[in-house]
Amino acid sequence: MNFKRPRGTADILPEDQPYWSHVYSTARKVADQFGYRRIDTPTFEDTNLFQRGVGDETDIVQKEMYSFEDHGGDGITLRPEGTASVCRAYIENGLHNSPQPVRMFYTAPMFRYERPQAGRFRQHHQFGCEAIGDQSPKVDAEIIELGWKYIADLGIKNVTLRLNSLGDPEGRADYLSDLDKYFRAVAGQLPKLDRARLDRAPLRVLDSKARETQALADAAPKSVDYIKDEAKEHWDELLSLLDNLKEAYPDFSYKVDHRLVRGLDYYNRTVFEYEPLDAGGQGTLLAGGRYDPLIGILGGQETPAIGFGSGIERMILELKKQEAEIAPSAGPDIVVVSLGDAASAGFKLATELRAANVSTILAPSRSMKAQMRFANQQNASNVVIIGDREVENGVASVKNLGEGGHQAEVSLDAASIANHIRPVGNE
RNA sequence: GUGGGCGUAGUGAAGAGGUUAUCACGCUAGGUUGUGGCCCUGGAGACGAGGGUUCAAUUCCCUCCGCUCACCCCA
């Protein structure tokens, strides 16, 4: 009986790692440019944190959490998303005593019990950013800009930004009741699925994929027409800030989409989503919004906040789809090829080279030809060949594996050799 | 949870109701024990599981399992 990885999980093999390091290093670099500092929180948390934070009624909490009781009887859940944990950490560590807003980012695995499909897994990874402690629309714009720059710097093209405002909870009742009224009136034209949705989550009817519904949803009451006062000012200012972004990012554009709603309960006001133009099913690359009520819900003092999460697997899928150029992982500086009795001298030399910070792999004990082939497959820049002849004369043959294949005899010591090697294609 | 598609070496494919299941790439050993990429030769490695039909099934049928895509939902 062979073991298999659990459903919905993936082995990220060495050959795939160049994509992952590209995404991680870009995320880190962009976060850095915006002054977001890394935070790491535990992989598992108190189950109640997510029930309260994400929302008891959401699908995530209802049917997708990996929850269990530990040996001490505590309710534990593998984190299904990042925001609740970051807010918990903000409260628990008294980060409201730091200069506000507190800007933080994370990259971490998330766990949801789902049926896997393209771009969806039971364990997936997210890069997320959160700005906590500032209600200004400038922070909304900043977070949206950060997401834009991240995607652009990754090398992903043809992405659209959609955004919407859900207003504040107090003002939302009117909108929800009008929306409900509207859909009830045309319920006969809705597919069965959407009629069911109308009962449990009227907002979700808006982003239905059914053609019949979409036409009706387009004409439905719009959230942005209902928001007023501060929420309205906030929204208008955000839009004008976003318009300004076009100067710095010529490709930047956004579309207000009143059908954009988000599945997590904690959002208010701004919500947004980045998606490839030709997105199929699981298209969303990055999504987020403002969640001013959340920290209060979790027991902290009312603190405005906004953030986003983005799926790393989905970014990589899109990079591959767009055939983006990714730097391949580098081969070693040196492969040491040793013959017969010189093997121990070869091992010693490899050690000395590494001590001199030259990346060095020892070729396996095979024929000369096989060792050379090995060096080539490792993508090595140089081989150092030592046989009995070299050991006797205290030298080593250093050969560059580029086009010319220049070879020279060098004194058999790490310093001389390190001094003599070149990268491939730069002789 | 619902619905579609698919299960042959590591990967991608071919195959027939009946002796050693084919090909390519990859892996590995060599091509007279000192020079890689190309080329040549050899080797290892597979019919998802269980039942049924049949003299005979990897091939036909059923069930299960797995993978995959879509819906739901979401990154």
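Scope of the values below: all heavy atoms of this structure, side chains included, with no hydrogens, waters or symmetry mates. Given the structure is predicted, the values throughout are model-derived calculations rather than measurements. Numbered from 1 within each chain, the chains take letters A, B, ... in sequence-line order.
No more than 12 heavy atoms of other residues, nucleotides or ligands shown are found within 6.0 angstrom of CZ on A:Phe347. In this structure, A:Asp199 places its CG atom where more than 12 heavy-atom neighbours from other residues, nucleotides or ligands lie under 6.0 Å away. Within 6.0 Å of CZ in A:Arg52 there are 12 or fewer heavy atoms belonging to other residues, nucleotides or ligands. More than 12 heavy atoms of other residues, nucleotides or ligands lie within 6.0 Å of OH in A:Tyr24, so this atom counts as buried by the packing criterion. Surrounding CZ of A:Phe34 are more than 12 heavy atoms belonging to other residues, nucleotides or ligands, all under 6.0 Å away.
Counting distance only, with no hydrogens placed and no angle test, the side-chain atoms of A:Glu114 and the base atoms of B:G1 include no donor-acceptor pair under 3.5 Å. Below the 3.5 angstrom threshold, one finds no donor paired with an acceptor across the side chain of A:Gln371 and the base of B:U35.
Contact of the A:Val54 side chain with the A:Met65 side chain is not registered, since no non-hydrogen atoms from C-beta on lie closer than 4.5 Å. A:Glu15 places none of its side-chain heavy atoms less than 4.5 Å from the side chain of A:Ser329. For the pair A:Leu260 and A:Asp207, the minimum side-chain heavy-atom distance is 4.5 Å or more.
Close to B:C72, at under 4.0 Å from its OP1 or OP2, lies a side-chain N or O of A:Lys209. Note on A:Arg120: every side-chain N or O is 4.0 Å or more away from OP1 and OP2 of B:A70.
Rounded to a whole angstrom, the distance from the P atom of B:G52 to that of B:A44 is 34 Å. Nucleotides B:G66 and B:U8 place their C1' atoms 15 Å apart, quoted to the nearest Å. Separating the P atom of B:G17 from that of B:C60 is a span of 9 Å, rounded to the nearest Å. B:G18 sits 49 Å from B:U33 when the P atoms are compared, rounded to a whole Å. Nucleotides B:A57 and B:G15 place their C1' atoms 14 Å apart, quoted to the nearest Å. A gap of 38 Å separates the P atoms of B:G42 and B:C6, to the nearest Å. Using P as the reference atom, B:C67 and B:G48 are 15 Å apart when rounded to the nearest Å. When the P atom is used for both B:C72 and B:G3, the distance is 15 Å, rounded to whole Å.
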Below 3.5 Å between N/O atoms, which protein atoms pair up with nucleotides 28-32 of chain B? Just atom names and distances, please.
unit_1, atom_1, unit_2, atom_2, d
B:A29, OP1, A:Arg366, NE, 2.7
B:G31, O6, A:Arg373, NH2, 3.3

Any N/O pairs under 3.5 Å between the protein and nucleotides 8-13 of chain B? List them or say none.
none

Polar-atom pairs under 3.5 Å, protein N or O versus N or O of nucleotides 63-69 of chain B: list them with distances, or write none.
unit_1, atom_1, unit_2, atom_2, d
B:G66, O2', A:Lys4, NZ, 3.0
B:C67, OP2, A:Arg7, NE, 3.1
B:C69, OP2, A:Ala118, N, 3.2

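Sequence neighbours left out, the pairs with a member in residues 125-147 of chain A that pass side-chain hydrogen bond (donor to acceptor under 3.5 Å, both in side chains) are A:Tyr36-A:Glu142, A:Thr83-A:Glu130, A:Arg103-A:Glu142, A:His124-A:Gln126, A:His125-A:Glu313, A:Glu130-A:Tyr291, A:Asp140-A:His234, A:Asp140-A:Thr270, A:Asp140-A:Arg290, A:Glu145-A:Tyr249.
Positionally, the nearest nucleotide of RNA chain B for A:Met372 lies more toward the 5' end than for the other of A:Gly309 and A:Met372. If A:Leu286 and A:Ala210 are placed on RNA chain B by their nearest nucleotide, the residue sitting closer to the 5' end is A:Ala210.
Partner assigned to B:A29 is B:U41, using Watson-Crick or G-U wobble distances below 3.5 angstrom. When both distances must be under 3.5 Å, the Watson-Crick or G-U wobble mate of B:G1 is B:C71. A 3.5 Å limit on both hydrogen-bonding distances identifies no Watson-Crick or G-U partner for B:G17. With a cut-off of 3.5 Å on both Watson-Crick or G-U wobble distances, the partner of B:G36 is given as none.
Heavy atoms of A:Phe374 sit nowhere under 4.0 angstrom from any nucleic acid atom. Heavy atoms of A:Glu390 sit under 4.0 angstrom from at least one base atom. Among the atoms of the strands shown, base atoms are found under 4.0 Å from some heavy atom of A:Lys399. Nucleic acid contact for A:Ile312: none, since no nucleic acid atom lies under 4.0 Å from a heavy atom of the residue. Contact annotation for A:Ala287: backbone-only contact, meaning every heavy-atom pair under 4.0 Å involves sugar-phosphate atoms and none involves a base.
A donor and an acceptor atom, one from each side chain of A:Asp333 and A:Ser359, are located under 3.5 Å apart. In the model, A:Thr107 has a side-chain atom that pairs as donor or acceptor with a side-chain atom of A:Arg38 under 3.5 Å.
Judged as a salt bridge (Lys or Arg N to Asp or Glu O under 4.0 Å), and not counting sequence neighbours, the contacts of A:Glu352 are A:Lys348. Judged as a side-chain contact (heavy atoms from CB on, under 4.5 Å), and not counting sequence neighbours, the contacts of A:Ala210 are A:Pro191, A:Asp194, A:Ser208, A:Glu212, A:Thr213.
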